Structure formats: C-alpha cells, structure tokens
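Only a predicted model underlies this, so the values are computations on that prediction, with no experimental measurement involved. These values consider heavy atoms only, across backbone and side chains, with no hydrogens, waters or symmetry-generated copies. Numbers restart at 1 for each chain; the letters A, B, ... are given by sequence-line order, proteins then strands.
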There are 4 protein chains.
Amino acid sequence: MSPRGRPRDTEVDERVLQAATELLLRHGYGGLSTDEVAERAGIAKTTLYRRWPTKDHLALAVVARLQDHDEITDTGDIRRDLTDYMEKVAAGLNRMRVAGLPPGQESRSAGTVAELVAAAARHDDVGALERDVYARRNALACRLIERARDEGRLRPDVDPMTLLEQLAGALYYRVLITGHPVDRAYAERLVAAALDGAL
Amino acid sequence: MSPRGRPRDTEVDERVLQAATELLLRHGYGGLSTDEVAERAGIAKTTLYRRWPTKDHLALAVVARLQDHDEITDTGDIRRDLTDYMEKVAAGLNRMRVAGLPPGQESRSAGTVAELVAAAARHDDVGALERDVYARRNALACRLIERARDEGRLRPDVDPMTLLEQLAGALYYRVLITGHPVDRAYAERLVAAALDGAL
Amino acid sequence: MSPRGRPRDTEVDERVLQAATELLLRHGYGGLSTDEVAERAGIAKTTLYRRWPTKDHLALAVVARLQDHDEITDTGDIRRDLTDYMEKVAAGLNRMRVAGLPPGQESRSAGTVAELVAAAARHDDVGALERDVYARRNALACRLIERARDEGRLRPDVDPMTLLEQLAGALYYRVLITGHPVDRAYAERLVAAALDGAL
Amino acid sequence: MSPRGRPRDTEVDERVLQAATELLLRHGYGGLSTDEVAERAGIAKTTLYRRWPTKDHLALAVVARLQDHDEITDTGDIRRDLTDYMEKVAAGLNRMRVAGLPPGQESRSAGTVAELVAAAARHDDVGALERDVYARRNALACRLIERARDEGRLRPDVDPMTLLEQLAGALYYRVLITGHPVDRAYAERLVAAALDGAL
DNA sequence: TCCTAATCGAGACGGTACGTCGCGTCTTTGT
DNA sequence: ACAAAGACGCGACGTACCGTCTCGATTAGGA
C-alpha cells in the first residue's frame, strides 16, 4: 500500500516550526498567528492545516520540540539528583517566562505555559499529547526515586509520584500563580523541605 | 470629598457578574463573550467596558468572587487543618474542571484556570490582582503554619511558604498538568508526605 | 498571467449592491449600515470590507451604479439637447431627494448627495472616483457644446466647461442649498438664461 | 414674567463657539465632537445640549458666525459688483476647503460644507436656518441685479434669481463636485459668460 | 430668610455602528 | 494527492460618538 499522489514536502515541517518558534518566543502565544506563520514559512495555510489541525496543535509541537532535551542524571545522591532535575524544569519554565516580551524584561508569570494548558483543555488530543510529554519525563524521575527508596536511601513508604508532584508542583505554582522566581537556590530549599519533612 | 457626577449603578455590577458567571461556568472561557454578557445583563457594552476594560478583567472578577468564601480553620491539629484547607482548594479547582462542559462530564484539566493565568500574563493589572487574591489566601495558611511551628508542633526550621507551595503546588500540578484527580484522599496523602518527609 | 487563488464570487457584488441600494434609498445614508448590508446579502462582513474598505466606498458604488445610464442626445438643436441633459441630471438629483423618506414625501435637500460629497472629502480615493464619474459624464456634454460652437451655433468665445458649470451648478445649488425644486420648467428657463445672456 | 431660577451664563456661548470653531477648522467636521468641545470649553455636556440640541446645530452656528460678514457693494458697474460678490463667496468656500487638513494643504472638496448640507437634510430646523442664511445673503444680491435690470443695465427679461443661481451654483459645483479651484480669475470668467450669454 | 426653580459641572449610561482580527474552510490553478 | 494563493464565513473584540440621565452644588428671584 504505497501512498498515492504527490508526497509531502518534508522540508515544510521544518520551515513552519522554525517560523512558529520564532513568533512564539518573540511575541508570545497571542503573537503566534497561523496567517503569519504561513507567510513567513512561505507556504499556504492549507499546507499548514494539513499537518497541524489547529493553532493549538502547532503551538504544542513548537514547545514540545523546545523541551525535548532534558535528561535526568542518577549519581546515587538523591538530593542532588532531584535538585538538578528541578533546576532543569525551572530553566524550561523561565525560558517561557521571557516569551513575547521585550528583551531584558521577563514576565512574572509564564503566560505561554498557561495558554498551552488551556489549549489542552480545548482539544482532547492536545491534552493527551501534552500529558504524554509530562508523563514520559516524570516516569524517569519516578524511577530515580523508586531506586533510591528501594535501596533504602529514602523512607520505604515514600510514594514517588506524590513526592514528584510536591516538587514540580511547587515550581509550577510559583511560575504560574504567585509569580515568584524559581532558581537553583529555590530548588535546593524545596528539595530539602520535601526530603526532611515538616514534623 | 464627595463623589462628583452621576454615581455608578451598583446594581449593574451584580447583574453583569451574575450573567458572566453563568456563561463562564456553563460554556467555559471561550463561551464568555462581552456582547452576550452585556445583553443578558441588560446593559450597554460601553457600561461594561467602563468597569472591566477587558474580557480578561471581567473573567477574573467572576472567578475571584466565586472563591471568596474559603476559610481556614485552626483546630490545633495541623495535619487536619492543612488537609481541610487543601480539600477546599481542591474543591475550587474541581469546580473549574466542570466549567463549560455538558453536565455529568468533567474535564481532566481545568482550562478556565489556565485561561485566567494566561490573562494575568496578558495584562499587568490582571496579574497583580490575581496574585493579590492568592497572596491574601495564602497569608492565612501561612500564619497557621507559623503558629504550629512556633508552638513546637512542626520542626523549627520549617519555611511556611515553601511548605504551602509543596501542598498547593501539587494540587495545581495535577489539575493543570497531569490531569489526575484531586480529592480528600489525595489531600490526606499529600499532607502526610509533606509533613513526614521522604528521608 | 492567470489569476491565483480562489477567484472572487462575482455574485457577491451583485447581492451586496442590491441590498445596499435598497437600504440607501429606503432609509437614507444613515440607514445604510455595513452590518445590515452584510446580513441581507448573506455574506460575512469581512467579505464586504475586502471589496469596499469603508461604508463610504460602498455608498459611492451604489450611487454610481444608479446614475450610470444617463445618455446625451445630439439633435443639432443645442438648446433642446442641453435642456434634455439638464432634465436628466435633475431627475437623478430628485431621486436622491426621496431617499430615506416615507413614501409620498420628499426632502427639500438631497441629503444623500451631500453625504457622498462629504465622503469624498473624507477619503481621497472616494473623491477621485467620484470626480471621475462626474468628469466622464461632463466630458460628453462638453463635446456637445464644442460641436455646437465649432459649427457656429454658439458664440465662438464660449467656454464649454464654464457653460456646463453654470447649468449643472444651478441645479445642484437649488437641490443642495436653497431647496428649490428642479424640474423641466426650470431646466428650460435655466438654459434660456445661459444661452441668451443677461446683457 | 421675569425669568426664574439661575440665569444662563452668557460667557458659556462664547467659550463653546470658540472651542467648536477651533476644532471644526482644525480637524474638520468629523473632528468636532461634543465631548471634546465641552471639555475644551470647560463646561458640562448638559450645558452644551441645552443650547444646541445637536452636534449639527452647533456646527451650523459655528459656520454661520464665520460667514456673517460678507457685504455686497453697489457701484453701478454690475459686472464688477457681481464679480466682487462671487469672489467673496469663493473666499468663504475656500476657507472651508482648508478645514481639517494639515497646514499648507487644502482639500479639493470642501467637506465641511457638504456635511452641513447633510445636517440640514437630517434636521428640518437646521435646514430652515441654513436656507435662511443663504436667502438673506442672496436677497441682497438679488436686489442688486433687479436694480441694474430696472435701470436698463441688464436685459429686461433677466430673472435675478436664476442669474444668481448660475453664478453661485457654478462656484459650489466646482468646490463640491469637480474639485476645481475657484479664484478671482474664475469669478471674472464666470460673470462674463453669464452676462454675455452663449448665443 | 427660606423656598423654589433653573443652571452648571461631572460623569455614568444606553444605543448603535464601525472597522479589525484571527481561525479554520473552501475553491481555484498548477505540480 | 499535495502545494500555493487567496477568497470566504464566522464570531468576537474593543472603540467612538451621540444624546440622555442623575447626582450635588450654585445662583438667582419671590414669599
């Protein structure tokens, strides 16, 4: 069953994502318009919509590609590994904080992240894809925690997912809600608090 | 200093917020249109825009009013108090999860919350207001924690704000990002994990 | 050079002008609204604005089409030809006098004509178009006069354009300024006065 | 029957007309807004509307005041007197041609005049007033012509009103419709043509 | 001197239209 | 089939201006 008709121009995807990325980072989610993307990429809107059925889909594709490269290290020092991971997450968020703003400034909140979440709520498939991205990333971190727990470096009753949510959640909460900064120092404080407990 | 000119019709605010709330909850953020709100409230669009310069401003006003009634109890049992508080926060989020969906269904993600955060990023003043709402609410919880710490019911090195972020952040993370449910059971597990620590 | 992209739906122009004409004649210039026109023509406002960038442009198009059918006859009897022409011009003006009024009535002044002139002053291109319409029509009459002059039926020092302005101007002056009627009888009197002179 | 209540502040009329004139001449009819006038005159809109029930009424008042000073001379030389009068009319029109344009430029058409005519068509009383202004002015010119005719300086069958319409009409036609200039030279040519006739 | 009435400043209000923007679809011609 | 080009439908947005209204505060004349 070979595909009939003219094959898709593979170069198009690249040009579109390039243009879309540029727009998203420079002018924010609102500044990302399909008309503009098509024009900059030198393609027809039809072509664009054949691949991404919605602006939201396109935007997700852009951001997903941007954050594809986070990795998790396992040195055996769980405190340090988690802190490193949190710092990477924070870095990704901070990158979004700058999107759409004049250089030198940075928003308190990362609007683009919120828009993406909103997009996920608008379209089931965007939501599924988005959750998948996070699930994949968190699965790695989860295993890291599990290993530490199973080797006795963490309490045996630790629930890895909950611990992760405490950590990542705090970062997102600051970036999306309170607008407070997230940096290495905060990552350290956060991990310490989570590991040591409050009692 | 008496107010000059014709005073604002206070009834208008009520009617507008009523209509806007109805639309927001029934049809979601996208279904909230200024034209429709004005018509339902029986006022001119001009009047609406005089008070809320943007649809975003209006939407925030609506949600802020909805969540105005959360209270925090202080029974002396910090674990229970925090769990109760988390449950209230969760309830608010779950309410947003239903917004704009056919009855009986509920979205995985609370799109409206995300839209509101996006709105905060679009307009500085909306952001300021939004952060203010959260700050006010968190301040109460913060004091609760401080009291417990100062009375020796929590470790003396506990940072109340960070603890709070671990808790609230986790809820928001689930509701916005992973789409997992947040209920009483989760609230208990969460508080337990935060208080006991992982080490 | 074949035209690219989806061609314009030629039927749209017709439907729009139809609706606009109806509105303009029935309810006057103020009663011509782009929203209403679009709805009656069964098209989107965007489509309308793509062709006529302004209500003013649309209105001119309507009136230009209405007056497109005036012709000038050349019988050799210059007095009669001019009178006939003046009567046609008067008829066009009188038609505008009725626009926007309850049937049976007619305004003293032709408001719509004035609005059109005002529109011409608001947008350069409307003005250019409008002047073009008049120029085209007057050119014919001019040649009529020139012929009569060159054949000795008028004084050799007659300036055709000035003569025309005396005639048409008087009609417009009555219709726009003084509100007096313009009819066949006046046309005759006017032409006589212009041809015979006052001395 | 002495007037009860607080008497009207006579100074207000002046300040309003001042401001309105300024706006009308500087920014044209469209730039004359009641809000702006009220603010500049330092009065309330209520006060303004108590005296001029409509923007159109106000605008007419402004223009009427501007052209109040035309006089007609009677030297016995009818050709010269008419030319002088036409020049004054032309001057008034040319003044309107500049209204609302950046200095140094002048519109082809006198939009404000057209707007005023349109206003006259919108409100009967404005129309009546406007026609009155013209009637008063033309009556003087009419008498001038009558005198010349009765004294044998013009043909006995001359209809003064028609002659006047030929002259003034031509000016208005050029200014409103064709956009051609009106100056002393044209006035001379025009009067000559009208007096000498075409036959 | 108080009362009544009209005016004034300020600004909210209703209404109506305008023109714009962005998304996603559709219709062409050509490859 | 896919691509480029561009018209199209839809729906909302925010703005502008008009003329009306409701306040409180003045400023007169008349009882």
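At whole-Å resolution of the value, OH in C/Tyr49 and C1' in F/dA7 are 18 Å apart. In this structure, CG of A/Asp9 is placed 18 Å from P of F/dA1, rounded to the nearest angstrom. In this structure, D/Arg122 atom CZ and F/dC18 atom P are separated by 11 Å, rounded to whole Å. In this structure, D/Asp35 places its CG atom 8 Å from C1' of F/dC18, rounding to the nearest Å. Straight-line distance from the CD atom of C/Glu11 to the P atom of F/dG9: 11 Å, rounded to whole Å. As a whole-Å value, the separation of A/Glu36 CD from E/dG22 P is 9 Å. Atom pair D/Leu24:CG and F/dC17:P shows a separation of 15 Å (rounding to whole Å applied). Look at OH on D/Tyr29: it is 20 Å from P on F/dA16, rounded to the nearest Å.
For E/dC8, one of the phosphate oxygens OP1 or OP2 lies less than 4.0 angstrom from a side-chain nitrogen or oxygen of D/Arg51. For the OP1/OP2 pair of F/dA12 and a distance below 4.0 Å, the side-chain nitrogens and oxygens of B/Thr34 include no atom meeting the criterion. For B/Arg4, no side-chain nitrogen or oxygen approaches OP1 or OP2 of E/dG9 to under 4.0 Å.
Within 4.0 Å (heavy atoms only), C/Leu32 reaches sugar-phosphate atoms of the nucleic acid but no base atom.
Looking only at distances, a side-chain donor or acceptor of B/Thr21 sits under 3.5 Å from a matching main-chain atom of B/Leu17. Within the 3.5 Å criterion, the main-chain N or O of A/Val37 finds no donor-acceptor partner in the side chain of A/Lys45.
For C/Gly5 and B/Thr46, each mapped to the nucleotide of DNA chain E holding its nearest heavy atom, the one lying further toward the 5' end belongs to B/Thr46. Mapped onto DNA chain F by nearest heavy atom, B/Pro53 and A/Arg50 fall at different nucleotides, with A/Arg50 at the one closer to the 5' end. Residue D/Arg15 is the one, among D/Arg15 and C/Lys45, whose nearest nucleotide of DNA chain E lies closer to the 5' end (criterion: closest heavy atom). Residues C/Thr10 and D/Lys55 both approach DNA chain F. Their nearest nucleotides, taken by heavy-atom distance, put C/Thr10 toward the 5′ side.
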* **Intermediate values then yes/no, side-chain contact (heavy atoms from CB on, under 4.5 Å), C/Leu66 and C/Met96** => CA-CA 10 Å; C/Leu66 281 182; C/Met96 289 296 107; 3.9 Å; yes

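A salt bridge links B/Arg65 to B/Glu14: at least one charged side-chain nitrogen sits closer than 4.0 Å to a carboxylate oxygen. Ion pair C/Glu115/D/Arg122 flagged as a salt bridge, since at least one NZ, NE, NH1 or NH2 atom sits closer than 4.0 Å to an Asp/Glu carboxylate oxygen.
Distances from the side chain of B/Pro7 to the nucleotides F/dG14, E/dG15, F/dC23 place F/dC23 closest. For A/Ile43, whose side chain is taken as the heavy atoms from C-beta onward, the closest listed nucleotide among F/dA4, F/dA3, E/dT7 is F/dA4. Comparing F/dA4, F/dC13, E/dC8 by their closest approach to the side chain of B/Ser33 singles out F/dC13.
In this model, a side-chain donor or acceptor of D/Arg6 finds a partner on the base of F/dT26 within 3.5 Å.
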